[in-house]
Trainee: 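Can you keep this structure in mind? I'll have questions shortly.
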Amino acid sequence: MNIRRQAGLLLTALPRAAHRHGFGVQSPWAYLLVRDVLFERLHYYAYIDQQLLTPQQQQLYRIRLHFRHQPLTVITATGADAQQQYEQTASSATPDTVLVVEHADDANADLWRQIVADPRAIVTFDMGYRGMVVFDTKRIKQNYLL
């Protein structure tokens, strides 16, 4: 990893540190989501049963578990395929739809910026390596940097 990349990661990590555990998140719904789902510290029994070794795998499991009764789409592709998946999901999104975009800071950085600017994406959670979008139209458009 080159020095420029390390410096960029450090500069993006510092503003995120304040919101990492829900501090500065005013919405009670978003605060509980950040604290209890996205950055939960407790160990689930299912991590070992399902061989979820990395924190990213465990976080995706918690997201799937939390939104198990809602339509959830995970975009792991990059480039034009990811753009096409997003457009397909956003065009058919209901207020219950949740979207997870992998590699929001690297491979899909341009797509993530488009998603944050898209008026259909109401609430976005930018975790650096992953982004999450909620299409609930009852909420106010908000982007959280975690």
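We number each residue from 1, following the sequence as shown.
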Trainee: What's the shortest heavy-atom distance between Val123 and Ile140, and which atoms?
Mentor: CG2-O, 4.0 Å
Trainee: Quick one: does Gln70's side chain have a donor or acceptor within less than 3.5 Å of a partner on Thr97's backbone?
Mentor: no
Trainee: Side-chain heavy atoms under 4.5 Å apart, restricted to Ile/Leu/Val/Met/Phe/Trp/Tyr: what other residues fall into the cluster of Tyr61, or is it alone?
Mentor: Tyr44, Tyr47, Leu52, Leu65
Trainee: Are more than 12 heavy atoms, taken from residues, nucleotides or ligands other than Glu40, located less than 6.0 Å from that residue's CD atom?
Mentor: yes
Trainee: Check whether any side-chain heavy atom of Leu146 lies under 4.5 Å from a side-chain heavy atom of Asp126, and answer yes or no.
Mentor: no
Trainee: Closer than 3.5 angstrom, by distance alone: can the side chain of Arg130 be matched with the main-chain N or O of Gln56 as a donor-acceptor pair?
Mentor: yes
Trainee: Could you tell me whether the side chain of Gln142 reaches within less than 4.5 Å of the side chain of Thr124, counting heavy atoms only?
Mentor: no
Trainee: Could you give the distance from NE2 (His103) to CH2 (Trp112), rounded to the nearest 0.5 Å?
Mentor: 13.5 Å
Trainee: When you compare the side chain of Phe125 with that of Asn143, does any pair of heavy atoms fall below 4.5 Å?
Mentor: no
Trainee: I'd like to check Thr54 versus Gln57 (side-chain heavy atoms, cut-off strictly below 4.5 Å). Are they in contact?
Mentor: yes
Trainee: Side-chain contact test, heavy atoms from C-beta onward, threshold under 4.5 Å: evaluate it for Tyr144 versus Val25 and give yes or no.
Mentor: yes
Trainee: Heavy-atom count check: over 12 atoms from other residues, nucleotides or ligands less than 6.0 Å from Glu87 CD?
Mentor: yes
Trainee: Looking only at non-hydrogen atoms, find the nearest pair between Asp81 and Ala77 and report the distance.
Mentor: CB-CB, 3.8 Å
Trainee: Mind checking what makes side-chain hydrogen bond (donor to acceptor under 3.5 Å, both in side chains) contact with Asp36, not counting sequence neighbours?
Mentor: none
Trainee: Measuring from atom CD of Gln59 to atom CD1 of Ile63, what distance do you get when rounded to the nearest 0.5 angstrom?
Mentor: 4.5 Å
Trainee: Within this structure, what is the CG-CG distance for the pair Leu38 and Leu32, rounded to the nearest 0.5 Å?
Mentor: 11.0 Å
Trainee: Could you pull out the closest heavy-atom pair between Arg62 and Val37, with the gap in Å?
Mentor: NE-O, 2.6 Å
Trainee: Taking all atoms of both residues into account, what is the closest heavy-atom pair of Thr76 and Gln85, and its distance?
Mentor: N-OE1, 4.4 Å
Trainee: Can you confirm whether Met132 sits close enough to Leu99 that some side-chain heavy atom of one is under 4.5 Å from a side-chain heavy atom of the other?
Mentor: no
Trainee: At their closest point, which heavy atom of Gly79 faces which heavy atom of Asn108, and how far apart are they?
Mentor: N-OD1, 3.6 Å
Trainee: So do the side chains of Asp136 and Ile122 get within less than 4.5 Å of each other, counting heavy atoms only?
Mentor: no
Trainee: How close do Arg120 and Phe135 get, heavy atom to heavy atom, and via which atoms?
Mentor: O-CD2, 3.1 Å
Trainee: Contact between Thr73 and Val98 at the side-chain level, heavy atoms closer than 4.5 Å - yes or no?
Mentor: no
